[in-house]
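Heads up, the thing below is written out as structure tokens.
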Amino acid sequence: MSDIFSTRLAHSGDGQEEKVLREYKSVPEVQPVYMTSVFAFDDIESVDDIYEGKADGYIYSRIKHPNSDAVAKVLADIEGAEDGAVFSSGMAAIVTSIISVVKAGDHIISAPVLYGGVRDYLENEIKRFGVEVTFTDFSDPENIRKAVRPNTKLVYTETISNPLIEVPDIEAAAKIAHENGALFFIDNTFASPIVANPIRFGADVVLYSATKYLGGHSDLVGGAAVGKKDILALIKKKLILYGATLGPAESWLLARSLRTLDLRVTKQSENALKVAKYLETDPAVSKVYYAGLESSPYHKLADKFFNNGLYGGMLSVDIKGGVKEVENVVKKLGFIKNVPSLAGTSTSVSYPAKTSHRAYSREELDKAGITLGLLRFSIGIESADDIIAAIKEALKDIK
Ligand SMILES: *Cc1c(COP(=O)(O)O)cnc(C)c1O
């Protein structure tokens, strides 16, 4: 008896049901989660045809699956990119993409202020594979030109730097890279595709931590790369080899989140501009870092490269005082929680000197222009008035 149970339980209602569903007149309104590690074939020829590229289809979910394909397509679409891919994290997307286009003996030029993990990778890790990296200040594009060597293969930067909200001349960086036979990759995480589309200004590949604005609800870890088809083909080969694929559940969640990307980032950017303008008037604040402000040295570049008068949801401020004052402010911020990440629907605050930049010595912090009074805000989708009121209340005892 139990034998009958075991066989029926193993096969009844299994993936073969999909064939029945395909004959139905209705389809799911949204794509379901394909929670399967592998796909079944009627014969050996079909597997062969897919491996050979003669037929479309899925084989094994590390290679790709319907959910990763669908969300990569949305991302490529919104950027006007030829192709896209999604990864298990932002680090996976960035590291896999870089390693796909360089080999031992090659040279990379990078901006010095980068996401900590990427800086560590370029400064320490990639050396082990015989790749040299020069860090140079991108605020003057001539520095990039001066750093070019005959073996330079890649120029790398971020659209909006953390935490000082600097914006590089994307077009100039891409131009210098291309004139010298190198590629130009850019991490567009802080801007999101709603604020900036670096492909329009010459980027070959645009990279994301999808954990941030793309996911946007602080509930998934993922990454993405979009760009030129031939380069994405190289990247996708390494993605499969290194097993950096984004799983079906996260891919689905990311696709769901992307439906509201424009609504979220537009509101976050509008709120951030209002908060930044308020902060300029608060007596507790000595400096506001936000490219949307006329006072920002990056305002003109942002206007050239950013969409629809949006400057993103990230801003930083120098509070008068140091660690002690900052600690007090963070405690009194009410619904604004201290979160060492960013880009969720809720406004959050972080203290770069103790989180993202904690590896920096006091000297390095000074050199980078990161003060002990610097707080970084990730502005959410709440009412701007409420965000301003919460910040104003927390700052009121500092003069
Ligand atoms: C978070 C982040 C990354 C790394 O992404 P993970 O999803 O945490 O791996 C890379 N670049 C920037 C700008 C980030 O903010």
Side-chain angles (χ1 to χ4, degrees), residues 68 71-72 75 84-99 108 110-123 125-126 135 138 154 156-168 170 185-196 198 203 205-226 235 239 242-247 249-251 253-254 257-258 261 265 268 272 289 291 311-316 339-344 348-352 355-359 368 370 376-380:
S68 62
V71 71
L75 286 166
V86 286
F87 300 79
S88 53
S89 69
M91 283 305 294
I94 294 165
V95 166
T96 306
S97 297
I98 292 175
I99 208 71
I108 297 172
S110 171
V113 183
L114 298 174
Y115 179 75
V118 178
R119 170 85 200 195
D120 186 20
Y121 178 71
L122 290 178
E123 194 172 6
E125 180 72 1
I126 204 165
F135 294 100
F138 277 39
L154 179 66
Y156 184 89
T157 190
E158 297 177 357
T159 316
I160 299 176
S161 79
N162 176 29
L164 298 179
I165 320 294
E166 298 153 318
V167 178
I170 300 171
F185 287 9
I186 188 162
D187 179 340
N188 199 40
T189 299
F190 269 41
S192 92
I194 304 305
V195 171
V205 172
V206 179
L207 296 155
Y208 291 99
S209 167
T211 316
K212 314 297 166 51
Y213 286 104
L214 303 183
H217 295 73
S218 312
D219 55 9
L220 72 88
V221 173
V226 300
I235 293 171
L239 184 166
Y242 297 142
T245 320
L246 189 65
E250 266 86 358
S251 298
L253 196 53
L254 180 55
S257 296
L258 288 174
L261 183 69
V265 175
Q268 282 159 327
Y289 303 83
Y311 304 92
M314 300 303 299
L315 61 88
S316 296
V339 176
S341 187
L342 57 120
S348 65
V349 66
S350 83
Y351 188 35
T355 55
S356 52
H357 294 70
R358 64 175 300 124
I370 300 167
R376 187 192 77 188
F377 287 93
S378 167
I379 302 299

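Count residues from 1 along the sequence. All values below come from the heavy atoms of this structure, side chains included, with hydrogens, waters and symmetry mates left out. Both counts, for ligands and for their atoms, begin at 1 and track the order of listing.
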(Q) Run the side-chain contact (heavy atoms from CB on, under 4.5 Å) test against Ser218 and tell me which residues pass, sequence neighbours left out. (A)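 Per chain and number, Ser218 pairs via side-chain contact (heavy atoms from CB on, under 4.5 Å) with no residue.
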Can you give me the closest heavy-atom contact between [X] and [Y], atom names plus distance?
{"X": "Thr159", "Y": "Asn188", "result": "OG1-OD1, 2.6 Å"}
{"X": "Ala210", "Y": "Leu220", "result": "O-CD1, 4.0 Å"}
{"X": "Tyr213", "Y": "Phe190", "result": "CE1-O, 3.4 Å"}

Q: Can you tell me which residues line ligand 1 if we count any heavy atom under 4.0 angstrom from one of its atoms, in chain and number order?
A: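 The answer is Ser89, Gly90, Met91, Ile94, Tyr115, Asp187, Thr189, Phe190, Ser209, Thr211, Lys212, Gly222, counting any residue whose heavy atom sits under 4.0 Å from ligand 1.
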**Q.** Between OG1 on residue Thr157 and CZ on residue Phe138, distance to nearest 0.5 Å
**A.**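 The distance works out to 5.0 Å.
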Q. Between the main-chain N or O of Gly344 and the side-chain N or O of Gln268, is there a donor-acceptor pair closer than 3.5 Å?
A.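 A pair under 3.5 Å: yes.
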